[in-house]
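Working notes, structure below.
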2 protein chains.
Amino acid sequence: MGNTRINDRIVSDPHAGPPRMSDVARIAGVSKMTVSRVLAGHSVAPATRERVQQAIDDLGYVADAAAGALSSGKSEFVAVLVPSLASSNFSDTVRGLSAALEPHGLQILLGDTDYDLAREERLVRSMLRYQPRCIALTGSQHTEGTRQVLERSRIPVVEMWDLPANPIDMAVGFSNSRAAREMVRYLKDRGYRKIGFLAGASDLDRRGLERLKGYQQEMKAQGLGEPRVIRFGESPITMSHGAPALDALLGRWPDTNAVMCVSDMSAFGAIMQCHRRGLRVPADIAVAGFGNFEVSICCNPTITTVSVDAYGIGSRAGQLLLSSVASGTPRAVPERRKFTIDYTVISRESA
Amino acid sequence: MGNTRINDRIVSDPHAGPPRMSDVARIAGVSKMTVSRVLAGHSVAPATRERVQQAIDDLGYVADAAAGALSSGKSEFVAVLVPSLASSNFSDTVRGLSAALEPHGLQILLGDTDYDLAREERLVRSMLRYQPRCIALTGSQHTEGTRQVLERSRIPVVEMWDLPANPIDMAVGFSNSRAAREMVRYLKDRGYRKIGFLAGASDLDRRGLERLKGYQQEMKAQGLGEPRVIRFGESPITMSHGAPALDALLGRWPDTNAVMCVSDMSAFGAIMQCHRRGLRVPADIAVAGFGNFEVSICCNPTITTVSVDAYGIGSRAGQLLLSSVASGTPRAVPERRKFTIDYTVISRESA
DNA sequence: TTGAAAGCGTTACCAC
DNA sequence: GTGGTAACGCTTTCAA
């Protein structure tokens, strides 16, 4: 059985390609179901289990996950979308998600939206084809199409890094604007009054825009005069954006004595540029960043910044998705939930 | 047809959950096959196509990719493994792969080995369950199990960032040791003789080890005396590792006047520490990095480094995989190929 | 140009 | 504890 006579030769393996579950079953002298049970860890007589395992090892059998998913109606995918892989805070968030989800056998489908909402929609649509169990997005801004297709999919959704007014399902994040306001107050408390802000040029980075908004609001609230805003550089904001932005700021408002940056990356670039211009930080000009990236700790001077638990956002999001998947919470019941992640202004040498 | 009488009410949709291809077919008044053809872009009468498309849109139908893959025997997955997501060179490589593969409808399954070969093997085994069309690994070191399971899978494999003596299938990379040797010569040409090297502590980062080996070889070849090696910090080497490593180096060999680092990250940390110690770079001590990361351009002083086209490694690997998948090149024919990526020593201010 | 039937490799369900 | 059978949702193949 299983043997075939072709051109007068006995061929023991009737099919090409990798071994199937039926091959394992045949070799082990059991049915496919028993093989399936061994693989799933269900109860099987020890002796049988051993024979099956032996056959699996001999053949180098690897179960086809797609077939399994189709049959059981349950995939093991989780779709995850971040604006940029190159940004260390988002890769930390992905690590957090991964740490939470991997132990449960879930496989992450990772997508990089490049801060482009249309691209996000394309990726969401494309990933939905794999029937993911749940999905994690970054930010609260999405196209109408994205929202619609997610609403229809009925799977758990978590939005990260923001606290949307009207979340699709769940959200894990913090108020970027309030964090920026806190930094303004910190600088004011240290005696700085002429405070500038280096933001990105595009409106795609909503979290960056929120920080800018917070800065503007608090400058007004504290009576610190007209905001001094430079908008320069495409998202993601990198170190290279800091120097030209600083130059622009000092070109326009030469008496500025403190600079808030939308990210530690540009803060670092700005500090290096200060040094090149012969300005001491913070004696001549203070510089503050955002994100508590590694560079803020290693730079000389160390950089005052807002610390955000990026990894924690990911692992919290992962936990929420897990419990939501487990309980099968129907989204139709609008049990929308927001979860706040802490942030702190960390006082260092630069401001 | 398709309607069911339940509790005296006519229910038009006989099943729960998301719409199926048969639902679309029913609504459009065609067979499943016609829907399938519309989706695949095969020839269908314009009027029919329009009706089908309308039904798809109305229902918000999303084809199940797993079912399609099972039926056609062809998945759309590519497995990609990198040692660390946080490292910008690997995320650049992933972007390069993504750019090459995405236009062909291939979906990347990304895994993070954390510089752990056993974890790599687990991930490879796990990803193989999704029947990927091909796989990209980082480095030339793998467990016996990894090699075996890949050999058996018979799918195209590309190893990146190294040039293995005996590649599994294809390889895209460069000689890390030769690049390091070139940097030693560069420093010697600039008049430096007392050259130290800051390496990582663990042997997991094979590319780092290769660089260290190259340094040692060239120090000997050039008659530059005993190597001055500090091994400190777990992979991935980060900015924070630079300062303590530099301290250790100067503690042990106080007259060192040039420092090569396994990465721009530690080079940056070392430079900041030099400043803290009151040492001018490069007047008192030269520092060179590796990788041409953004920080090497933005730092003051700018950092002399080895530039490697990380994105190019990814896109080249992607192209190789594509053509290998397209041609169905059987690996049994040992048509093993290695592809070299260029690197250059970039002279900047720090050395 | 379109449709019907037969799988793809697995798991759920129900017998034994 | 184990096995047979019928799906799962799609594409391939072949026929109309």
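Convention: sequence-line order gives letters A, B, ...; per-chain numbering from 1.
Applying the side-chain contact (heavy atoms from CB on, under 4.5 Å) test to A/Val38 and every residue at least two apart in sequence or in another chain returns A/Val44, A/Arg49, A/Val52, A/Gln53. With sequence neighbours left out, the ring pair (Phe, Tyr, Trp, His ring centres under 6.0 Å) criterion links B/Tyr130 to A/Phe77.
Here the range on DNA chain D touched by chain B, meaning any atom under 4.0 Å from one of its heavy atoms, is D/dG9 to D/dT12.
With values rounded to the nearest 0.5 angstrom, B/Ser36 atom OG is found 4.5 Å from B/Met21 atom CE. Here the CG atom belonging to B/Leu59 is positioned 5.0 Å from the CD1 atom belonging to B/Ile27, to the nearest 0.5 angstrom.
Between A/Ser31 and A/Ala25, the shortest heavy-atom distance links the atoms C-CB, 3.7 Å. Closest of all the heavy-atom pairs between A/Ile168 and A/His142 is CD1-CD2, 4.0 Å.
The closest donor-acceptor contact from the side chain of A/Arg119 to the backbone of A/Asp112 lies under 3.5 Å. Counting only distance, with no hydrogens or angles, the side chain of B/Ser87 and the backbone of B/Phe90 share no donor-acceptor pair below 3.5 Å. Looking at A/Ser323, its side chain does come within 3.5 Å of a backbone N or O of A/Leu320 through a donor-acceptor pair. Here the side chain of B/Thr143 pairs no donor or acceptor atom with the backbone of B/Glu121 at under 3.5 angstrom. In this structure, the side chain of A/Arg129 does not engage the main chain of B/Ala63 through any donor-acceptor pair within 3.5 Å.
Taken residue by residue, residues 44-53 of chain B places heavy atoms nearer than 4.0 Å to DNA chain C at B/Val44, B/Ala45, B/Thr48.
For the helix from C/dT1-D/dA16 to C/dC16-D/dG1, the axis fitted to the five pairs at one end and the axis fitted to the five pairs at the other end meet at an angle of 30° (nearest 10 degrees).
Here B/Asp23 does not pair with B/Arg20 in a salt bridge; the nearest charged N to carboxylate O distance is not below 4.0 Å.
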Item to check | Nucleotide-resolved protein contact map, nucleotides 7-16 of chain C, B/S/- at heavy-atom distance under 4.0 Å | outcome: BBBBBBB---
